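Quick caveat, the model's predicted, so the values are computed rather than measured.
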Amino acid sequence: MAKSGALELARSTGGSLSKDQVKSAVDQYVKYHDLHGGKQESRKSNYTDLANKYYDLVTGFYEYGWGDSFHLAGGYPGETSREAIKRHQHFLALQLGLKKGMKVLDVGCGIGGPLIEIARFSSTSITGLNNNDYHISRGKELIFSAGLSEQCCFLKGDFMDMPISDNTFDAAYAIQTTCHAPDAQGVYSEVYRVLKPGQYFALDEWCLTDRFDPNNAKHLAIKAEIELGDGLPDIRTTRQCVQAMKDAGFEVVFAKDLAQVFPCPWYRVMDPTYFSWAHFQCTRPGRIVTRAIVNTLEFLRIAPAGSMGAYNVLMSASDGLLKGGREGIFTATFFVLGRKPLKEVDIVSLSRKLI
């Protein structure tokens, strides 16, 4: 079960960092970013430190306001955001054709919310790959509570250099996580390597759309705000994403911005005028309350120094994503289904069997 109380938030802020490291981690993290004098080259070369600092600092806030699935989804009228997120996870499982007995890889699994839901839905065995110690420790707690310790597991590793043998998995998916990779083709190539021939990779990616103008100062400011708020070294375009999948070796079966499909946009929860008890912390009154709680807990030294800084990073995420979504220059739900082709020897063998 995700943590939701104020005291749990105070205890979890900083993740695997010691409490006296939180403030310095916030200071170091923000300096990676353009809005604080940082450079893209530094973020890419230090992508592991960038992502680890980010998730150590903000995971407690994610659980407090979002639950155990750290991703976004478009929705339908009358559907709660959490229902939309669960439906989106089922959609990925169905696109992959998951069924009992399959070995599946979750690339960048967070604390395991999607992994748990998809494992229950599909009866598959799922390995969650993650490079953050705190996420893995929380994930193990969650799968134990869900009674899935025999069906699911976690593996610590860098998705740019996976500690996994070739041709291991029957399917793989990444839900809005490979945006943390410094090179799209690099991470997609690693997924390709560990997939068995003929199997599928479902990719849910954060991308800039064709409406993004790299010469537009407003667009660049929104991009920088999203990068700051979400621990990103850069943001690729939808075209770059598809090309990187092809360059990695995948046959692209299907590619579509799912933001075009749903009447309720993926960014509606970030809109402070949108009211939802399930995501009260994201509403305008909820932000006021949460800011007061974090300020008070930090002042009383219940929460570590730097907690407000971590919260402000997340507010940059919320504001940047909302602006990017409304402008139509950014999507959090660009979906690509790729297939690793059968090897030539397998095709020859199959042809002989059919003759």
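Aromatic rings from Tyr134 and Tyr55 are positioned such that their centres are separated by 6.0 Å or more. For Phe330 and Tyr267, the ring centers sit 6.0 Å or farther from each other.
A chain of hydrophobic side-chain contacts below 4.5 Å, direct or via other Ile, Leu, Val, Met, Phe, Trp or Tyr residues, connects Leu105 to Phe250. Criterion: ILVMFWY side-chain heavy atoms under 4.5 Å apart, direct or through other members. Under it, Phe334 and Phe212 are not part of a common hydrophobic cluster. In the hydrophobic clustering of ILVMFWY residues, with side-chain heavy atoms under 4.5 Å counting as a link, Leu92 and Phe169 come out apart. A continuous path of ILVMFWY side-chain contacts below 4.5 Å connects Phe91 to Ile118, so both sit in one hydrophobic cluster. One hydrophobic cluster, built from ILVMFWY side chains closer than 4.5 Å, cannot hold both Ile126 and Val194; they sit in different ones.
Checked against Arg43 for a salt bridge (charged side-chain N to carboxylate O under 4.0 Å, His left out), the options Asp34, Asp230, Asp234 give a single hit: Asp34. Put simply, the residue from His88, Glu117, Gln89 that forms a side-chain hydrogen bond (donor to acceptor under 3.5 Å, both in side chains) with Ser69 is Gln89.
For the pair Trp66 (side chain) and Phe61 (backbone), a donor-acceptor distance under 3.5 Å is absent. Using modelled atom types, one side-chain atom of Ser316 and one backbone atom of Asn312 make a donor-acceptor pair closer than 3.5 Å. A donor-acceptor pair under 3.5 Å is formed between the side chain of Ser45 and the backbone N or O of Ser42. Of the possible polar contacts, one joining the Arg193 side chain to the Ile164 backbone as a donor-acceptor pair under 3.5 Å is found. Under the 3.5 Å distance criterion, the side-chain polar atoms of Asp170 are left unmatched by any main-chain donor or acceptor of Val104. In this structure a side-chain-to-backbone donor-acceptor pair under 3.5 Å is present from Gln240 to Thr237. Lys53 places no side-chain N or O within donor-acceptor distance of the main-chain N or O of Ala25, the cut-off being under 3.5 Å.
Counting all heavy atoms, side chain and backbone alike, Asn132 lies closest to Lys156 at N-NZ, 4.4 Å. The minimum heavy-atom distance between Phe121 and Ala93, with the atom names listed, is CD2-CB, 3.8 Å. The minimum heavy-atom distance linking Thr331 with Ala259 is given by the pair OG1-CB, 3.9 Å. The minimum heavy-atom distance between Gly306 and Glu298, with the atom names listed, is N-OE2, 3.0 Å. Among all heavy-atom pairs drawn from Glu79 and Gly74, the shortest one is OE1-O, 4.4 Å. Smallest separation of non-hydrogen atoms from Trp266 and Thr333: CD1-OG1, 3.8 Å.
Side-chain contact of Glu205 with Tyr188: a donor-acceptor pair under 3.5 Å is present, judged by distance alone. Between the side chains of His33 and Tyr29, at least one donor N or O sits under 3.5 Å from an acceptor N or O.
Enclosure of atom NZ in Lys340 by more than 12 non-hydrogen atoms of other residues, nucleotides or ligands within 6.0 angstrom is indicated. Around OH of Tyr76, the count of heavy atoms belonging to other residues, nucleotides or ligands within 6.0 Å exceeds 12. A 6.0 Å sphere centred on CZ of Arg87 holds more than 12 heavy atoms belonging to other residues, nucleotides or ligands. Applying the 6.0 Å contact sphere to CZ of Phe144 captures no more than 12 heavy atoms from other residues, nucleotides or ligands.
Proximity of Val289 to Ile293: side-chain heavy atoms (C-beta onward) are separated by under 4.5 Å at one or more points.
Atom CG of Leu155 is separated from atom CG of Asp106 by 11.5 Å, given to the nearest 0.5 angstrom. In this structure, CD in Gln95 is found 10.5 Å from OH in Tyr200, a value given to the nearest 0.5 Å. Between the SG atom of Cys207 and the CD atom of Gln176 there is a distance of 10.5 Å, given to the nearest 0.5 Å. A distance of 9.0 Å separates CG of Asn167 from NZ of Lys196, quoted to the nearest 0.5 Å.
By the 30° and 60° cut-offs, the orientation of the rings of Tyr54 relative to His180 is tilted.
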